[in-house]
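A short worksheet on the structure shown next.
Basis for what follows: all heavy atoms, side chains included, without hydrogens, waters or symmetry-related copies. One-based numbering along the sequence shown.
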Amino acid sequence: MRTIDLPACGPGHSAPLTHVGFRPDGQRLATCSYDGTVIVWDTADPSRPTPLARLRHRRLVNASAWNPADPEVLATASADKTVAVWRVGARGRATLHTVLARHTDDINSVAWLPDGERLICVSEDGRATLWSTADGRFLAEVGSHEAHCMMVSVSAQGLVATVGEDGLVAVGDPDGPDGPRTRRYDSSIEGCAWSHSGRLLAVARDDGAVDLLTAGLDVVRTVPVSTSAARAVAWAEDDSSFVVGAYDGALHHFDVAGARLHRVEDRRVWPRSVAVAHGVVAAGSFWNGPHLYDLATGREIAAPEGATHGPNALAQHGDELLIGTDSGLVVAVRTDASGPATVRTTAFTDGPILSLATDGDTVYAGTYSGHVLRHDGTALTSSAGLGAPVPSLALHEGSLVAGTYNGEFLLLTPGALDVVERIEAHDGSVKSLTAVAGGFLSAATDRTVAAGGPHGRSTLWEHGNLVNAVAALGAEAAASASRDHTVKTGRITRLPDGAWRAERVQTLLGPDESVKCVALLGDAERPVVLAGSYDFGLHAWQVDWDDSAATLASGRVLAAFAQGLSCMLRLTDGTVAVAGWDGRILVVGLDPAGRPAVRRSLHLGELLTLPTTTTHRAGARPTESRAA
């Protein structure tokens with residue numbers, strides 16, 4: 001397994017921060033990142049967080065946990081399927097103590113038992129496992145979920161709480177004779193945290209609420225937080241209040257009675273993780289370091305120094321390739337097969353661009369903050385807040401269709417960006433939309449790929465896990481990429497009654513990790529499927545509709561990146577643009593024999609150093625941290 005090799009981004013991370021974790025004394029903060037590293041910061045002066053140590057994994061790092069008995073010991077959990085236990089000295093010298101490596105899937109969260117000797121690990125395969133960190137021994141399986149286990153928290157009394165995408169909350173004593181108590185929700189549960197006393201368990205729900213539960217899993221209070229998913233929760237040290245990170249891009253502070261104290265919004269923040277210690281709140285970021293706020297007031301104490309420009313979305317605008325990034329820049333690149341590239345940048349926002357669509361000279365962007373932005377070449381306009389991130393956009397019969405994390409299709413007027421209709425489309429986030437003649441395709445975290453107009457859609461096929469992307473070749477062939485490590489492809493047909501049908505569906509194997517993006521090249525009778533994975537590989541298959549075994553045997557790795565691949569775009573029937581989170585951009589075409597080959601390689605970091613024409617946001621203001 002190759003290491004992540006991203007270019008340095010100043011003293012901080014080179015990719016967004018996935019997790020933040022304070023040491024209980026507040027003197028140290030661990031931050032985890034997509035760049036495969038953990039940085040330990042000295043936060044004795046929270047206004048000046050200073051990097052002390054950098055720890056490395058071979059895939060993105062999802063979580064960390066400080067040992068309650070030894071303040072120099074830190075556990076880190078990674079998508080490389082390992083948990084590492086480190087000793088980080090007072091001056092930042094770090095040594096690797098042991099690696100817990102018998103996991104079968106990505107590790108999402110870790111928590112220490114109060115003895116400081118045993119560690120609970122929860123993973124994508126739904127398992128919660130108990131380990132001895134002194135010698136790396138596996139001790140027991142202490143719980144399981146029917147879907148991804150997303151978070152673990154251990155109370156002061158040693159009760160282990162786990163939550164998952166199956167909506168299950170489980171609480172048990174790993175040293176007790178009885179199995180765990182459980183409570184089931186209709187929505188996914190991705191965050192949980194015990195209060196410091198162990199009296200209450202806060203559970204962050206995908207429907208935007210937080211439940212406060214007793215150790216017996218009785219509901220004490222339900223606190224409405226956001227129109228978008230509540231993702232993470234952390235308690236103040238005296239248990240009088242708690243902070244929630246939600247997918248509306250904000251931090252929400254409530255007292256234990258459920259009254260809102262304040263709300264902090266900064267489009268650079270990625271609130272999938274929050275931590276609290278000694279009156280300071282830390283939050284994850286799409287930029288290169290943590291955000292620190294005063295717990296009592298929401299005032300910003302410290303912020304990241306620099307942006308990361310990971311590409312998330314691609315679109316075509318005339319002869320330009322548009323690249324939407326984590327920093328809110330949309331980078332327009334014009335290039336031919338051999339000539340130099342010319343670059344134009346437009347600052348749409350301060351936070352991530354998740355999706356792009358174009359209509360003539362007009363560019364639309366969907367953002368993590370839950371807005372759709374419109375740039376007509378001279379002015380930038382924004383929709384009202386839509387209540388959830390917008391990872392997908394498509395144009396359909398005079399409307400702009402926005403797919404949201406809430407599973408909705410929002411029909412917007414292309415000019416004023418007013419919401420005309422909200423449609424419950426999928427039972428999960430709408431990750432990808434692709435326009436085809438007579439309708440559009442959609443892919444979602446409910447595992448389905450569907451086709452049709454905004455209403456009355458037809459399910460084409462289903463994956464074994466969430467679907468990250470869908471692509472089409474005309475209205476004749478489609479392909480989808482899934483977290484189940486597979487790609488599916490099939491012929492698609494619109495029936496006389498308006499329904500859609502898939503035929504000759506094939507499953508393509510090869511990637512070792514979640515498949516993030518997909519595209520088709522060539523002719524629908526014998527297309528080439530390209531797919532990009534978190535295993536850093538660009539995979540290619542030559543499809544034979546009459547012989548799926550031949551298709552499977554054709555699979556190969558066309559190119560390797562230094563990070564996961566993020567997005568693809570078919571430019572013409574014969575060319576596809578491919579981008580990775582390492583900033584590398586390839587143009588792939590077909591050689592005379594009809595086989596895929598890399599025609600051009602660019603790097604976003606290098607492009608941003610070229611002389612550029614820059615367009616600033618209309619009426620742009622500096623990024624603000626607002627407490628309300």
Side-chain angles (χ1 to χ4, degrees), residues 13 15-20 33-34 60 190-191 206 208 225-232 244-252 263-274 283-288 290-291 303-304 307-315 322-331 346-357 363-375 380 382-393 402-408 410 412 417 428-433 444-445 468-469 516 566-567 579 581 617 623-626:
H13 289 285
L17 278 62
T18 57
H19 186 265
V20 290
S33 172
Y34 271 141
L60 66 92
E190 297 196 20
D206 205 49
V225 175
S226 171
T227 57
S228 191
R231 178 60 176 85
V244 183
Y247 275 163
D248 59 3
L251 304 177
H252 305 260
R263 180 178 188 269
V264 176
E265 183 177 352
D266 185 328
R267 293 183 181 181
R268 300 168 298 173
V269 172
W270 192 12
R272 70 176 261 171
S273 180
V274 294
S285 181
F286 290 106
W287 285 43
N288 70 345
H291 298 262
T308 61
H309 299 292
N312 294 314
L314 299 174
L322 303 184
I323 308 162
T325 70
D326 281 327
S327 65
L329 282 182
V330 174
V331 181
T346 305
F348 273 59
T349 181
D350 299 310
I353 300 291
L354 300 184
S355 53
L356 289 171
V363 178
Y364 299 96
T367 72
Y368 177 82
S369 64
H371 298 82
V372 172
L373 307 175
R374 177 183 185 273
H375 202 298
L380 181 72
S382 174
S383 71
L386 302 178
V390 183
S392 52
L393 290 171
T404 76
Y405 269 30
N406 288 351
E408 294 178 312
L410 304 185
L412 285 75
L417 300 178
S429 302
V430 184
K431 303 278 280 186
S432 178
L433 296 174
T445 60
N468 282 310
K516 174 63 176 170
S566 57
C567 46
W581 277 304
R617 298 187 309 277
T623 301
E624 297 178 354
S625 170
R626 298 193 300 277

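- Between Ser226 and Ser228, the side chains place no donor N or O within less than 3.5 Å of an acceptor N or O (distance only, hydrogens not considered).
- For the residue pair Ser382 and Leu417, the shortest heavy atom distance occurs at C-CD1, 4.0 Å.
- Annotation: side chain of Leu17 is not in contact with side chain of Trp270 (no heavy-atom distance under 4.5 Å).
- The shortest side-chain heavy-atom distance between Leu329 and His309 falls under the 4.5 Å cut-off.
- Within the 4.5 Å cutoff, side-chain heavy atoms of Trp581 are placed close to those of Asn312.
- Residues Ser327 and Ala307 approach most closely at CB-CB, 3.7 Å, considering heavy atoms.
- Considering all non-hydrogen atoms of both residues, Ala444 and Gly428 come closest at CB-O, 4.1 Å.
- Here Leu354 contributes atom CG and Tyr405 contributes atom OH; the two are 5.5 Å apart, rounded to the nearest 0.5 Å.
- Shortest non-hydrogen contact noted between Gly366 and Leu393 is N-CD1, 3.4 Å.
- When every heavy atom of Ile353 is checked against every heavy atom of Ala365, the shortest pair comes out as CD1-CB, 3.8 Å.
- Counting heavy atoms from C-beta on, the side chains of Val244 and Val274 never come closer than 4.5 Å.
- Residues Leu412 and Arg374 have side chains not in contact (no heavy-atom distance under 4.5 Å, counting atoms from C-beta outward).
- Under the 4.5 Å side-chain criterion, counting only non-hydrogen atoms from C-beta, Leu322 is not in contact with Leu314.
- The minimum heavy-atom distance between Val430 and Glu408, with the atom names listed, is CG2-O, 3.8 Å.
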